[in-house]
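The structure appears below as structure tokens.
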Amino acid sequence: MMDNRFATALVIACVLSLISTIYMAASIGTDFWYEYHTLSPAENVSEAGRSIWEEFVSKDADEKTYTDALFRCNGTVGLWRRCITVPKNSHWYSPPETDMTTNCISFSLSDQFVEKYIEPGNHNSGTDLNRTYLWRLQFLLPFVSIGLMCFGALIGLCACACRSLYPAIATGVLHFLAGLCTLALVGCYVAGIELLHRKLPLPEDVRGEFGWSFCLACVSAPLQFMAAALFIWAARTNRKEFTLLKAYRVA
């Protein structure tokens, strides 16, 4: 028979785990990890006509090309997509418009593993290993994190079916590892953005900031750690009390 304390701890841990999973999934699927804010995106686009958009969507667009477009057009960047804000009608003969629309382009799988160069856009400058591996890690780590939590949930369901609390330790350990992956993801993303801005500094009229998708990932990590602590505490304490009770009955 399970003590009410342990049952309450498990319920709270399950709720924290569920919220963390939702936050992490929302973070991966949205495009607001980093946002650029420029003073007059409509004027910037009107000056260059449709060339900015054509370069932005081009398959041959390198890191410098699409980063410059993000600077000029209120861009946002996610783990899977990059977006810019442009006027609905941006032909060269049209006056500047205030009616804006957001258009997005997905990073292909090959884009996620492409090499980053010491001088963005210059293929002859050599490979920047730090930025290359940071970019790849920020793509892989969120899926590892969610996978660990899902596997932990599967072990928890098996524990419920077996009417045993002890396997919850494994669930807690997996949630702890998932929290480490999420924390590493956040660190890799921050480091990658800082290194990029050292290579391509922000223009004077552009302001950059981390978006709400990034904040969801930041919140997800402590929730995973708290869920892990509750799972491990409940399983170990319940096991210890059961052992003491069994020894008392034998005596």
Side-chain angles (χ1 to χ4, degrees), residues 1-30 32-34 78-80 133-194 210-251:
M1 183 176 180
M2 187 185 302
D3 192 290
N4 287 337
R5 294 174 299 163
F6 307 137
T8 302
L10 288 179
V11 170
I12 295 175
C14 290
V15 171
L16 291 175
S17 176
L18 178 61
I19 295 174
S20 175
T21 304
I22 293 173
Y23 282 4
M24 200 65 204
S27 177
I28 294 173
T30 51
F32 297 92
W33 279 71
Y34 201 84
L79 298 180
W80 279 96
Y133 286 106
L134 285 172
W135 182 272
R136 294 174 182 177
L137 285 173
Q138 74 185 31
F139 165 68
L140 294 172
L141 285 172
F143 296 103
V144 175
S145 177
I146 288 185
L148 288 170
M149 285 196 295
C150 291
F151 188 51
L154 182 62
I155 293 178
L157 290 176
C158 294
C160 292
C162 298
R163 296 184 179 181
S164 173
L165 193 60
Y166 197 64
I169 291 180
T171 302
V173 170
L174 290 173
H175 276 71
F176 179 77
L177 295 176
L180 289 179
C181 289
T182 304
L183 200 60
L185 162 66
V186 171
C188 287
Y189 194 83
V190 172
I193 288 291
E194 291 298 323
F210 292 100
W212 59 266
S213 299
F214 175 82
C215 294
L216 286 179
C218 293
V219 173
S220 180
L223 293 178
Q224 291 167 334
F225 286 131
M226 288 188 287
L230 287 173
F231 278 125
I232 294 174
W233 173 82
R236 286 183 60 84
T237 308
N238 183 69
R239 182 73 176 181
K240 185 182 296 184
E241 290 193 2
F242 177 78
T243 303
L244 292 174
L245 180 61
K246 187 176 180 180
Y248 175 78
R249 288 179 176 177
V250 170

If you count every heavy atom of other residues, nucleotides or ligands that lies below 6.0 Å from Y23 atom OH, does the total exceed 12?
no
My understanding is that only residues two or more places apart in sequence, or in another chain, count here; which of them pass side chain to side chain contact (heavy atoms under 4.5 Å, CB included) with I193?
Y34, Y189, H197, F210
Rounded to the nearest 0.5 Å, how far apart are OG1 of T30 and CG of L216?
6.5 Å
Look at the side chain of S27 and the backbone N and O of F214, then say whether any donor-acceptor pair between them is shorter than 3.5 Å.
no
For a side chain to side chain contact (heavy atoms under 4.5 Å, CB included) check, start with the C-alpha distance between W135 and C188, then their side-chain angles and the critical distance, and finish with the verdict.
CA-CA 8 Å; W135 182 272; C188 287; over 6 Å; no
Can R136 be said to sit on top of Y133's aromatic six-ring, NZ or CZ under 6.0 Å from centre and within 45° of the ring axis?
yes
S17 side, atom OG; L10 side, atom CG - distance, nearest 0.5 Å:
11.5 Å
Please work out whether the ring planes of W80 and F143 are parallel, tilted or perpendicular, with thresholds of 30° and 60°.
perpendicular
Surrounding CZ of F225 (heavy atoms of other residues, nucleotides or ligands, distance under 6.0 Å), is the total greater than 12?
yes
Quick one: does T182's side chain have a donor or acceptor within less than 3.5 Å of a partner on A178's backbone?
yes
Out of curiosity, L134 CG to E194 CD, how far, rounded to the nearest 0.5 Å?
11.5 Å
Rounded to the nearest 0.5 Å, what separation is found between the SG atom of C181 and the CE atom of M24?
9.0 Å
Can you list everything that forms a side chain to side chain contact (heavy atoms under 4.5 Å, CB included) with I12? Sequence neighbours excluded, please.
T8, L16, L230
Side-chain contact, heavy-atom cut-off 4.5 Å: S145 with Q224?
yes
Looking at CG of L140 and CG of L79, how far apart are the two atoms once the value is rounded to the nearest 0.5 Å?
11.0 Å
Please report the shortest heavy-atom distance between C218 and P222, naming the atom on each side.
O-CD, 2.9 Å
